[in-house]
Amino acid sequence: MNKIKLIILLIIFCGLHRTYGTNGTNSTLGSHESQIAQEDIIDDDADIRENPEIEAPSTLVTTNYQSYPFLKLSSNHISLNGADWSALRQRFSASDDTVISVLHIGDSHIQAEGSTSRTRALLQHKYGNAGRGLITPFKLAGTNQPLDYSIVSTSSFTSAKALKQPWPIEMGFTGISLQPKSKFFEFTIGVEDRGEGNAVDFDFVRVFTHGNAPTLKSVLVPRGKQSAYTQTNQADTITIFLLEPQERVTLNFEANGACQIFGFELQNQMTGLVYHAIGNNGATYNTYNSIPNFGQDIASLSPHLIIVSLGTNEAFGKISDETFYANVDRLVTTIKANNPEAQILLTTPAECQRSTTVRTGKGKKRRRVKSYSVNTNVARLRNVILRYGTDNQVSTYDWYAVAGGAGSSAHWLKKDLMKSDRIHNTWAGYALQGSLLYDALVEAMNND
């Protein structure tokens, strides 16, 4: 290699080193950033927030808090802010004789059910397992689905997702809607053993619908056998009681006109806890505010505790504190009005990072350079959520602080708890998050 080529390679290497920094955790574009034309800056985060890449856990992930000294375990508590949780505590203490219903609402962190699967498993181990709860046909709508259940069909559907407006069909409270294209259609639904040890058979299936309620023609169990069942129909729900618990069933329907299917609920008619989750990639508070009758429809799940984990996606926009506060208030108000017996818990988002890709150079030397920096809007909106809770006597859980506060995203990356997109966690990171929330919830239930 001649000296000229060597010099050129050294210049390129040094340029890249200055652009990305030594570890790429909190890099900048250098002092010339302000001179780059605005049209050369590309925001790459929108797609990854709405279409995250979710890996499957290979084994059951264990957590050891001592391995992560950046965690602020002293903050791992729920602030009641004047809310009265006495009735909720009594229900948890009576789990041997009743069913506890928890509903967790959120964005892509919740859609994949990384952290909620861990919280669910731990809570059901302690308080009893009343079934899987709400399951949503994400895959049939063309998006990622949790790993501990399956919903498949040979039928064709028109689908709608909460973030893809205008919706071609009626939208439901799960943020997913399917409308069959033929008179006869079917779903095969079941629970999957994903390693958490809490997959149980079910003998209670509820179908959430809208429009002209379809007629249930038959229920098939494995090996194609017909199962005896009874059913009750109420407004927008079909409830099916199986004579024997099953791990998988096929529901065959006949349409009576246009109808939409939003999801299913699986329970085992036992006492204990059921942990529902509603998550949609890219969701914000206003996503759920835009779904008609959202607060009213989630009441069908009879929730005793409603956890809301949103704010990350707003942090990638230009929302003001005042508008964000109003959006939080609108959702909380409609939930309270339609679920007066339920307690509400707002969680704050953890620190994440945003990326910027810049086109540099001219002609043949033109290239793209990606840079990451802490998304400071997360801390700002976290403060709004905490202020809202204090102002309105709504309980809060400051996950931002528990995860390590300012600068924590660098630690999560270093420990392989955060994915390379610097927004979503790895499965180990979600398991850690779910375990910490479990600890905080149990502590809150044990405190008078």
Show the numbers, then the answer: is there a side chain to side chain contact (heavy atoms under 4.5 Å, CB included) between Thr348 and Thr396? CA-CA 8 Å; Thr348 62; Thr396 54; 5.8 Å; no
Please tell me whether [X] and [Y] have a donor and an acceptor in their side chains that are separated by less than 3.5 angstrom.
| X | Y | value |
| --- | --- | --- |
| Ser218 | Asn252 | yes |
| Gln90 | Ser93 | no |
| Asn383 | Tyr400 | no |
| Gln111 | Thr143 | yes |
| Asn281 | Asn144 | yes |
| Glu265 | Gln267 | yes |
| Thr98 | Arg91 | yes |
| Ser177 | Trp167 | no |
| Arg330 | Asn327 | no |

I'd like to know if the side chain of [X] and the backbone of [Y] have a donor-acceptor N/O pair within less than 3.5 Å.
| X | Y | result |
| --- | --- | --- |
| Thr209 | Ile261 | no |
| Ser101 | Leu301 | yes |
| Arg132 | Leu134 | yes |
| Ser300 | Asp297 | yes |
| Asn392 | Val394 | no |
| Gln260 | Glu170 | no |
| Asn212 | Cys259 | no |

Does the side chain of [Y] come within less than 4.5 Å of [X]'s, by heavy atoms?
| X | Y | answer |
| --- | --- | --- |
| His104 | Ser309 | yes |
| Ile385 | Asp398 | no |
| Arg206 | Thr239 | yes |
| Asp329 | Val332 | no |

Positive for ring-ring contact (aromatic ring centres under 6.0 Å, His included) with Tyr285, one of Tyr388, Phe324, Phe294: Phe324
Can you tell whether the side chains of [X] and [Y] come within less than 4.0 Å, N to carboxylate O?
| X | Y | value |
| --- | --- | --- |
| Arg248 | Glu192 | yes |
| Glu186 | Lys217 | no |
| Lys225 | Glu244 | no |

Checking side chain to side chain contact (heavy atoms under 4.5 Å, CB included) for the pair Ile344/Leu305: CA distance, chi angles, key distance, verdict? CA-CA 6 Å; Ile344 299 175; Leu305 173 63; over 6 Å; no
I would like to know whether Asp236 and Phe173 meet side chain to side chain contact (heavy atoms under 4.5 Å, CB included); could you show each step before the answer? CA-CA 12 Å; Asp236 294 339; Phe173 69 93; over 6 Å; no
Run the salt bridge (charged side-chain N to carboxylate O under 4.0 Å, His left out) test on Glu443 and Arg89 for me, step by step, so that the C-alpha distance in whole Å, both residues' side-chain angles and the decisive distance to 0.1 Å come before the verdict. CA-CA 10 Å; Glu443 179 192 64; Arg89 291 191 186 103; over 6 Å; no
Passes side chain to side chain contact (heavy atoms under 4.5 Å, CB included), Leu331 versus Val308? Steps please. CA-CA 10 Å; Leu331 184 60; Val308 182; 4.3 Å; yes
Taking every non-hydrogen atom, the tightest pair across Asp201 and Pro245: CB-CB, 3.8 Å
Which label fits Trp399 and Tyr397: parallel for a plane angle under 30°, tilted from 30 to 60°, or perpendicular past 60°? parallel
Can the ring centroids of Phe264 and Phe208 be said to lie less than 6.0 angstrom from one another? no
Applying ring pair (Phe, Tyr, Trp, His ring centres under 6.0 Å), run through Tyr430 and His109 and close with a yes or a no. CA-CA 8 Å; Tyr430 283 127; His109 297 298; 5.8 Å; yes
Candidates Leu413, Ile423, Asp421 - the one meeting side-chain contact (heavy atoms from CB on, under 4.5 Å) with Gln353: Leu413
